[in-house]
Amino acid sequence: ISNAWKTTPIKWYPIPALLGAIVLVGIQARRNYVADRQGRGKIVDENGKVVTMSGPWTVYVLGALPLNTISRIWGWANNLTLPVWFRPFGFRLYSRIFGCNLDEMKDEDLTHYRSLGEFFYRELKDNARPIADAPLVSPADGKVLHCGSIQGRRVEQVKGVTYSLDALLGLTSDPQGIETSAKPDSDSDHQITDDRQFANVNGIEYSLERLIGDERAGSQIPRGWTKLVSYRWWKSWVRSENKTGIPAGGKGKHDSIRDAHETDDEDAGVPTPDTPEMIGKYANVAYEMGSGALPPILQRHSPGHEGIGSGNKLFFCVIYLAPGDYHRFHSPTSWVVERRRHFRGELYSVSPYVASRLPNLFVLNERVALLGRWRHGFFSMIPVGATNVGSIRINFDKALRTNVRQQRRLAGTYSEASYSLASKLLGGQPLQSGEEMGGFLLG
Amino acid sequence: STIVLVFEAPEEFDFVCKPGQKVRVGETLGDI
């Protein structure tokens, strides 16, 4: 034995890198699976049930990869400045592979794009995308994955695969986990220049009628719409309906509004909308009465946006942007964005292949939910990130930072910002149909 | 990347696009 130990030659063989990677990914997949089974994630659906990743084994392998880190490295690599001589060749090759139309670019000189990231976020010529005269137009170039009406508060990702509307928009998140920043963009505090006109940051004036798309805008929306007006509207509505059985509230979060602007005799017998549940309850009633646009103070607290107007339904549409597509998105209608919710999450691929195999994909991925209203009521637009395009940019929200490295991330939490200062008249950021809103960046 | 639209509209609202159809910015998605 001693002789064999001393004389037998030892020959080392390298373990194939692929085999090593597979083993590591397998271990991580197993850890993720166990964590999901234990309900560590806090994304919940409309029934309060924790939403976790599920699917075939390939999904767990995908989930084991450090997708957020890969996405950030991908973004860094694609923002490296390329040599000028290489740019036309490289970008033409990319265009040929992914089917980009170079003729519709605003700047056709390919040497002006310093990196693939800049080329990816290219602008199009003016009028390259005519905006149809329709209530709802496409916000982006892409493929319609699915569209239809929402049944039972669930949205269909692809045929037969659904996810919770509440989880998508953060309507039933764990209150302990909600991180509220509420930092409106100071640059968006536009000035109202006229009774029916107001200017955006570029000095372009909007017509109220066109923004709201409703003839009521000029007559029924009072000038200088403020929280004071909102509260007075609430009081007058309660008085006119002679509501009984409404519990008189104590010192609530909205009492500062009342204290600042009202006298005691005006308040006699008028309950204060203290709790979100109470406000939401009467917001729904007001919707049913067809009282038109609700004051922002009521809309904000309407639980789950359940105040669907009489004769209305909730609809949805999912549009997938392929790698070669124009990656800026535009407003799909004339509407007012009241707030945004930034959900940090994973960055799974959102290709139709993965979307059809990974339930809750759009709920698990990092996304920005823009919530507001249009002429028919509630309206929302949710850009969802992916591995190769993890960063989402919103033009009128300079504070938004997506796909950033974080030490600790609680699943199901979100940060929220209000755009109420963007236009005090409308209570949010107004957008016209076809107006550029932002886009997706590489990595 | 993907964009999801969720909105309230009258029951008469109807999508003019179909799943799998390619669309471009500004093209009609739905009408009332």
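Values below: all heavy atoms of this structure, side chains included; hydrogens, waters and symmetry mates excluded.
- Contacts of F315(A) with chain B are made by both backbone and side-chain atoms, with heavy-atom separations under 4.5 Å.
- Remark: aromatic rings of F120(A) and F440(A) are distant, center separation not under 6.0 Å.
- For the options S380(A), S331(A), A134(A), heavy-atom pairs under 4.5 Å to chain B are most numerous at S380(A).
- Between Y326(A) and H330(A), the ring-plane angle classifies as tilted under the 30° and 60° cut-offs.
- For the set P135(A), P130(A), A369(A), the count of heavy-atom pairs under 4.5 angstrom toward chain B peaks at P135(A).
- Contact count against chain B (heavy-atom pairs under 4.5 Å) is highest for I319(A) among L347(A), I319(A), T387(A), I392(A).
- By the 4.0 Å N-to-carboxylate-O rule, D325(A) lies too far from K143(A) to be salt-bridged with it.
- Heavy-atom distances place the side chain of P332(A), and not its backbone, under 4.5 Å from chain B.
- The most heavy-atom pairs under 4.5 Å with chain B, out of V350(A), N365(A), L321(A), come from L321(A).
- For the options P383(A), G434(A), A140(A), A132(A), heavy-atom pairs under 4.5 Å to chain B are most numerous at A140(A).
- Under a cutoff of 6.0 Å and an axis angle of 45°, R328(A) and Y121(A) form a cation-pi pair.
- The residues R373(A) and E338(A) are annotated as salt-bridged, a charged nitrogen and a carboxylate oxygen being separated by less than 4.0 angstrom.
- Both the backbone and the side chain of F13(B) come within contact range of chain A, each with at least one heavy atom under 4.5 Å from a heavy atom of that chain.
- Taking chain B as the reference chain and counting heavy-atom pairs below 4.5 Å, the highest number among S351(A), A322(A), S149(A), G148(A) is found for G148(A).
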Ring pair (Phe, Tyr, Trp, His ring centres under 6.0 Å) evaluation trace for F316(A) with F7(B): CA-CA 6 Å; F316(A) 74 95; F7(B) 54 94; 9.0 Å; no
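- The side-chain tip of R367(A) points at the ring of F343(A) from less than 6.0 angstrom away and within 45° of straight on.
- Counting heavy-atom pairs under 4.5 Å between each of K18(B), E27(B), K22(B), E12(B) and chain A puts E27(B) at the top.
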